[in-house]
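Both backbone and side-chain heavy atoms feed into the values below; hydrogens, waters and symmetry mates do not.
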Amino acid sequence: MNNEKIRNIAIIAHVDHGKTTLVDALLKQSHVFRENEQVAERVMDSNDIEKERGITILAKNTSVMYKDIKINIVDTPGHADFGGEVERVLKMVDGVLLLVDAFEGPMPQTREVLKKSLALNLKPIVVINKIDRPGANPEKVVDQVIELFIELNANDEQLDFPVVYASAKQGIGKMNLNDESNDLTCLFETVINKINPPKCDMDGTMQMLVSNIDYDDYVGRIAVGRVERGHVKVGMPVSICKKDDKVTNGRIAKLYTHVGLKRVEVEDVKAGDIIAISGIPDINIGETICDYEHPEKIDFVDIDEPTVSMTFSVNNGPFAGKEGQFITSRHIRDRLFKELERNVSLRVKETDSPDSFEVSGRGELHLSVLIENMRREGFELLVSRPKVIYKEINGQKCEPIERLTVNVPDDSIGTVIEKLGQRKAEMINMEPAEEGHTKIEFKIPARGLIGYRTEFLTDTKGVGVMSHVFDGYEPYKGDVLSRARGTIVAFEPGKSVTYGLYNAQDKGDLFIGPGVEVYEGMIVGLNSRNEDLAINVCKEKHLTNTRASGSDDALHLVPPIQFTLEKAIEFIEDDELVEVTPKSIRLRKKILNSKEREVAARANRNIN
């Protein structure tokens with residue numbers, strides 16, 4: 001039996017192809033907002049980091065009404081690092097809007113999310129977005145999408161997908177490029193006519209799979225999911241089937257559905273709708289809420305395993321506790337385990353040391369967003385260089401391989417191919433992109449990408465675009481070239497002085513300016529040679545009675561290199577750490593004392 005009054009869809013695409021902007025347009029044209037209401041751009045990107053970076057990190061629900069039919073829409077992240085969010089929300093929907101940029105065409109993450117939705121047999125509608133972009137070629141992109149569907153072994157029904165040409169920014173959509181259009185009516189009509197209503201048993205016993213978790217300060221944990229069977233009422237007793245097949249009992253305190261961007265309290269919901277439930281304190285993603293007398297578990301989708309791990313540890317440097325509020329291992333442990341409840345693709349492991357935790361995720365961005373959130377919440381911690389997670393397959397050491405796509409200016413092709421070759425990349429495709437640019441695809445070990453993004457932007461003069469997605473595990477490819485230059489390390493604690501820095505800048509590039517508090521072992525610059533160099537940046541000029549022409553001229557310093565959190569994580573080597581506090585990001589050596597560092601380096605050389 002179908003619930004004809006509901007359609008459930010997810011919007012999937014590569015990063016920056018316009019998912020959240022399309023949701024904005026759908027919300028505006030379904031009159032969710034008042035005529036005089038001030039609406040922010042990308043209204044679904046609700047947290048600070050999403051707004052600052054212009055990317056979606058968490059999957060979110062909304063709904064619009066069209067001709068008495070409720071369309072539940074799930075906006076999903078486009079970055080491969082947040083693929084875990086996409087995988088689990090696809091269980092709530094019956095169809096997907098696959099958004100593809102009319103200029104860039106299908107990109108790595110387009111392929112990845114489409115593969116997952118085809119495997120779940122979801123009905124696709126292809127939306128060719130940004131048709132108003134200069135250089136857009138919608139017809140060519142449609143051909144590329146058809147090729148991608150064939151490559152992913154789509155069945156005949158899936159291959160017969162409708163295509164809507166749209167400009168989410170202008171809020172228009174059309175079925176043919178030559179049609180006139182001033183709204184998205186054709187997209188609404190296509191969703192209602194082509195996406196099947198949810199198949200569900202309205203009269204059976206209640207059953208719902210928890211696909212997402214939210215938290216409210218007043219009502220506690222909120223479970224979000226689709227009602228698969230029966231109907232849900234406020235106050236009804238329920239059974240919760242846990243992942244380990246245990247069954248616990250609970251009661252539904254409050255029931256919400258999505259109306260536009262708001263959650264609205266209701267008393268009763270029928271099967272097929274996406275709802276939120278509060279009142280079950282220890283509910284988790286992947287568990288099933290069922291009828292009290294008929295507990296019946298629904299299988300949850302397998303989330304891709306993490307490929308990168310980092311060590312999070314307590315800040316033990318000289319400046320520990322000066323800038324942060326939460327600094328002990330207990331605080332860090334509680335925060336990491338709390339994150340596990342919502343972040344399904346994250347893993348946290350306790351190590352031999354009570355002060356360190358091994359945190360594994362889908363990529364550098366996945367982990368750096370967690371670190372940035374912790375930093376803003378008042379945490380102080382040390383993080384290590386990311387390491388890839390190896391696996392043993394058939395007795396052979398295997399490592400994660402990424403499929404990398406780069407779009408580079410023609411005059412940078414040689415440099416990019418050479419640098420990626422040193423990182424064990426293997427070119428698999430090369431084709432012309434827009435005028436003066438070339439699109440190249442590689443397969444590369446995940447560890448070869450660590451620390452490469454900054455170098456790539458330098459080599460392409462800031463105009464190159466790179467994106468990558470996990471491809472699978474392959475036999476170990478051998479050693480990868482790491483950073484070729486050493487660092488300049490502060491020799492003693494104090495405040496940096498122009499005179500000391502002026503002497504240091506001849507040796508390489510500086511990371512700090514004058515008047516900055518430093519400590520022994522803190523990294524203050526990049527050496528022009530391949531060894532580390534300890535320098536006293538707090539050294540002041542000795543005053544004498546002698547004056548000479550020209551010797552007392554003002555000293556000019558080159559502006560220091562500024563580090564963002566991602567840049568810092570990419571930059572460090574295995575013997576270095578990033579010190580993260582709410583106010584500062586510092587680079588330091590694991591061993592702060594220079595004498596002890598020399599002893600450890602000598603011992604390492606002897607072992608090797």
Side-chain angles (χ1 to χ4, degrees), residues 1-4 6-14 17 19 22-23 26 56 59-64 69-78 80 82-100 106-107 109-129 142 145-164 187-200 208-212 224-229 258 271-274 285-286 298-304 344 469:
M1 189 174 170
N2 295 346
N3 190 341
E4 296 291 344
I6 289 175
R7 301 288 185 279
N8 296 321
I9 58 167
I11 301 187
I12 59 174
H14 186 78
H17 279 197
K19 294 179 296 299
L22 182 67
V23 175
L26 293 171
T56 304
K60 298 177 200 66
N61 300 53
T62 184
S63 77
V64 297
I69 293 177
K70 181 181 183 185
I71 304 172
N72 284 313
I73 303 170
V74 186
D75 183 20
T76 64
F82 309 111
E85 293 278 326
V86 184
E87 288 158 30
R88 63 165 195 257
V89 298
L90 289 177
K91 291 285 277 183
M92 292 197 280
V93 298
D94 303 291
V96 291
L97 293 187
L98 177 72
L99 227 68
V100 186
M107 295 290 275
Q109 185 63 2
T110 315
R111 176 195 185 87
E112 200 59 23
V113 288
L114 179 61
K115 188 164 129 191
K116 290 184 168 76
S117 56
L118 291 177
L120 290 167
N121 209 20
L122 299 175
K123 201 86 178 277
I125 294 172
V126 174
V127 180
I128 306 295
N129 191 26
V142 171
V145 171
I146 292 169
E147 282 172 25
L148 180 61
F149 270 78
I150 293 166
E151 219 176 290
L152 295 174
N153 300 321
N155 59 37
D156 292 347
E157 194 186 344
Q158 288 168 332
L159 273 169
D160 187 23
F161 54 81
V163 178
V164 178
L187 183 56
F188 282 117
E189 289 290 345
T190 310
V191 167
I192 284 167
N193 298 329
K194 298 290 183 182
I195 302 288
N196 299 326
K199 283 183 184 162
C200 43
M208 168 189 148
L209 177 69
V210 179
S211 298
N212 210 344
V224 180
R226 183 172 82 169
V227 184
E228 300 289 340
R229 201 169 64 194
H258 296 90
D273 206 350
I274 293 175
I285 290 166
I298 304 173
D299 288 332
F300 189 51
V301 62
D302 286 335
I303 302 292
D304 282 357
V344 285
V469 68

Side chains of Ile128 and Val142 in contact at under 4.5 Å (non-hydrogen atoms): yes

Side chain to side chain donor-acceptor pair (under 3.5 Å) involving Lys70 - partner list, sequence neighbours excluded: Asp273

Sequence-distant partners of Asp156, side chain to side chain donor-acceptor pair (under 3.5 Å), two or more places apart: none

Minimum heavy-atom distance between Pro124 and Pro162, given as atom pair plus value: O-CD, 3.6 Å

Point-to-point distance, once rounded to the nearest 0.5 Å, from CG of Leu97 to CG of Leu187: 5.5 Å

Under the side-chain contact (heavy atoms from CB on, under 4.5 Å) test, residues paired with Leu152 that sit two or more places apart: Arg111, Leu114, Lys115, Leu118, Leu148

Any Val163 side-chain heavy atom under 4.5 Å of Phe161 side chain: yes

Asn121 versus Glu157, side-chain donor and acceptor atoms under 3.5 Å: no

Leu122 side chain near Leu90 side chain, heavy-atom distance below 4.5 Å: yes

Rounded distance (nearest 0.5 Å) linking atom CG of Leu209 with atom CZ of Arg226: 9.5 Å

Heavy-atom closest contact (Val227 atom, Met208 atom, distance): CA-CB, 4.2 Å

No-hydrogen, no-angle side-chain donor-acceptor test under 3.5 Å, Asp94 and Asn196: no

From Ile73 atom CD1 to Asn8 atom CG, the distance as rounded to the nearest 0.5 Å: 10.5 Å

Any residue meeting side-chain contact (heavy atoms from CB on, under 4.5 Å) with Asn153, in chain and number order, not counting sequence neighbours: none

Separation between CD1 of Ile6 and CG of Asn72, rounded to the nearest 0.5 Å: 6.5 Å

Pairing residues for Glu189 by the side chain to side chain donor-acceptor pair (under 3.5 Å) criterion, not counting sequence neighbours: Tyr66, Lys67

Working for side-chain contact (heavy atoms from CB on, under 4.5 Å), residues Leu99 and Ile12: CA-CA 6 Å; Leu99 227 68; Ile12 59 174; over 6 Å; no

Rounded distance [0.5 Å steps], NZ in Lys123 versus OG in Ser117: 13.5 Å

Check against side-chain contact (heavy atoms from CB on, under 4.5 Å), Leu159 and Ile150: CA-CA 8 Å; Leu159 273 169; Ile150 293 166; 4.0 Å; yes

Residues Phe149, Leu98; criterion side-chain contact (heavy atoms from CB on, under 4.5 Å); working and verdict: CA-CA 11 Å; Phe149 270 78; Leu98 177 72; 4.1 Å; yes

Distance, nearest 0.5 Å, that separates CD1 of Ile9 from CD1 of Ile125: 6.5 Å

